[in-house]
Amino acid sequence: MRREDEGKGAMRRGGVWWPHREVELPTEVPAIDVLIPVLNEEESLPLVLDAIPRTWVRRVVVVDNGSEDRSAERARERGAEVVVEPQRGYGAACLRGLRYLAEDPPDVVVFLDGDFSDFPSELPRVVEPILKGEAELVIGSRTLGAQEQGALLVQAVVGNKLACVLMELMYGYRFSDLGPFRAITWQALQGLKMRDEDFGWTVEMQIKAARRGIGAVEVPVSYRKRVGVSKITGTLKGTALASYKILYTLFAQYALEVSDPGRRGGADG
């Protein structure tokens with residue numbers, strides 16, 4: 001099997017989609033909206049926004065999660081739509097952004113961080129499996145892509161690995177990362193009924209996708225040191241809280257599965 005074919009068909013329960021070297025812009029581009037939660041990222045956010053391939057994107061929505069700097073102003077200067085979510089938490093910001101998008105829903109939502117650790121220019125490779133009808137959820141895997149030395153801290157690597165191993169054991173979906181750079185169809189996302197308001201957002205999405213049997217793959221993405229200090233893995237407290245919430249979410253969702261197998265494919269808690 002050729003490398004570019006390895007991600008097709010049989011790997012819909014996770015696994016790797018190897019993107020084509022150059023992903024061509026389709027004749028008819030679906031409505032792709034980019035959602036970026038931010039907290040005090042006025043230095044990095046302009047870099048993120050300038051790097052997004054706008055020919056692929058209908059609109060960019062920045063959710064200001066209580067910034068005390070000029071993040072919102074910087075976003076507006078570069079043509080992004082800004083909404084405010086004063087309740088702190090990555091998941092809370094994402095949920096607020098989705099409520100805003102629901103007023104004029106896209107076909108595909110792409111999630112990006114505002115710290116410039118991801119490469120927004122790789123958006124075409126992240127949405128490619130969806131555009132080709134091979135997946136409904138695509139995770140940008142930092143562990144499979146090119147990394148700047150020191151970009152992924154040891155605690156993040158270990159935590160991600162543990163969570164992914166548990167997910168495969170519990171649900172049979174194979175992932176290598178819980179990376180924030182991801183794409184999902186609007187229809188699939190609505191079916192997940194996302195609820196987590198903080199550190200458990202990414203793992204909740206992947207677990208619920210597995211529980212509902214949603215086609216999911218990973219795409220290798222590049223990763224570099226973020227601009228500024230991480231609010232999560234940059235501190236001992238943040239790392240501990242994130243690790244606890246990720247594991248709590250994993251086992252809580254699995255307990256629902258065991259106690260009520262009929263919930264698979266139905267409403268999620």
>> Looking at Arg76 and Glu73, is there a salt bridge between them, counting it only when a charged N and a carboxylate O are closer than 4.0 Å?
In response: no

>> Test of understanding: clusters of I, L, V, M, F, W, Y form through side-chain heavy atoms closer than 4.5 Å, transitively. Do Phe175 and Tyr223 belong to the same one?
In response: no

> Does a side-chain N-to-carboxylate-O contact under 4.0 Å join Glu22 and Arg125?
Replying inline: no

> Side chains of Arg142 and Gln147: is there a donor and an acceptor less than 3.5 Å apart?
Replying inline: no

>> Donor-acceptor pair, distance only, cut-off 3.5 Å: does the side chain of Asn40 make one with the backbone of Glu68?
In response: yes

>> Within this structure, what is the CG-CZ distance for the pair Leu123 and Arg54, rounded to the nearest 0.5 Å?
In response: 11.0 Å

> Between Leu144 and Val16, does a side chain to side chain contact (heavy atoms under 4.5 Å, CB included) hold up when you go through it step by step?
Replying inline: CA-CA 9 Å; Leu144 297 175; Val16 187; 3.5 Å; yes

>> Distance alone, cut at 3.5 Å: any donor-acceptor contact between the side chains of Gln206 and Tyr171?
In response: no

>> Looking at Arg195 and Glu204, is there a salt bridge between them, counting it only when a charged N and a carboxylate O are closer than 4.0 Å?
In response: no

>> Quick check: is Leu112 connected to Leu47 through a chain of hydrophobic side chains (ILVMFWY, heavy atoms under 4.5 Å apart)?
In response: yes

> In this structure, are over 12 heavy atoms from other groups packed under 6.0 Å from Gln187 atom CD?
Replying inline: no

> Rounded to the nearest 0.5 Å, how far does CD1 of Ile214 lie from CZ of Arg13?
Replying inline: 12.0 Å

> If Ile, Leu, Val, Met, Phe, Trp and Tyr residues are connected whenever their side-chain heavy atoms lie under 4.5 Å apart, and connections chain through other members, are Ile184 and Tyr100 in the same group?
Replying inline: yes

>> Could you check whether Glu122 and Ser222, counting side-chain N and O atoms only, form a donor-acceptor pair closer than 3.5 Å?
In response: yes

> CG of Leu250 to CG of Leu162: how many Å apart, nearest 0.5 Å?
Replying inline: 8.0 Å

>> Using a 6.0 Å distance limit plus a 45 degree cone around the ring axis, check whether Arg224 lies over the aromatic ring of Phe116.
In response: yes

>> Set out, in order, the CA-CA distance, both residues' side-chain angles and the distance that settles side chain to side chain contact (heavy atoms under 4.5 Å, CB included) for Glu197 and Leu95, then state yes or no.
In response: CA-CA 8 Å; Glu197 296 180 338; Leu95 288 169; 4.1 Å; yes

>> One thing to verify: whether Arg96 and Asp64 come together as a salt bridge, which I'm taking to mean a side-chain N less than 4.0 angstrom from a carboxylate O.
In response: no

> Do Val165 and Leu152 belong to the same hydrophobic cluster, where Ile, Leu, Val, Met, Phe, Trp and Tyr are linked whenever their side-chain heavy atoms lie under 4.5 Å apart, directly or via other members?
Replying inline: no

> Does a salt bridge link Arg99 with Glu85, judged by any charged N lying under 4.0 Å from a carboxylate O?
Replying inline: yes

>> Could you walk me through whether Asp115 and Val227 satisfy the side chain to side chain contact (heavy atoms under 4.5 Å, CB included) test, starting with their C-alpha distance in whole Å, then the side-chain angles of each, then the deciding distance to 0.1 Å, before giving a yes or no?
In response: CA-CA 5 Å; Asp115 59 13; Val227 176; 5.7 Å; no

>> Assigning hydrophobic clusters by single linkage (Ile, Leu, Val, Met, Phe, Trp, Tyr; side-chain heavy-atom cutoff under 4.5 Å), is Phe119 placed with Leu178?
In response: no

> Do you know the tightest heavy-atom contact between Val63 and Gly97?
Replying inline: CG2-CA, 3.7 Å

> Looking only at heavy atoms, which two atoms of Glu218 and Ser141 are closest? And how far apart?
Replying inline: OE2-CB, 3.9 Å

>> Is it the case that the side chain of Glu136 and the backbone of Gly215 share a donor-acceptor pair, with hydrogens and angles ignored and the cut-off at 3.5 Å?
In response: yes

> Say you draw a straight line from CG of Leu45 to OG of Ser67; how long is it, rounded to the nearest 0.5 Å?
Replying inline: 8.5 Å

>> If you apply the rule side chain to side chain contact (heavy atoms under 4.5 Å, CB included), what do you find for Val108 with Trp186, and how did you get there?
In response: CA-CA 5 Å; Val108 178; Trp186 182 259; over 6 Å; no

>> Quiz question: by atom type and distance under 3.5 Å, do the side chains of Trp17 and Glu128 form a donor-acceptor pair?
In response: yes

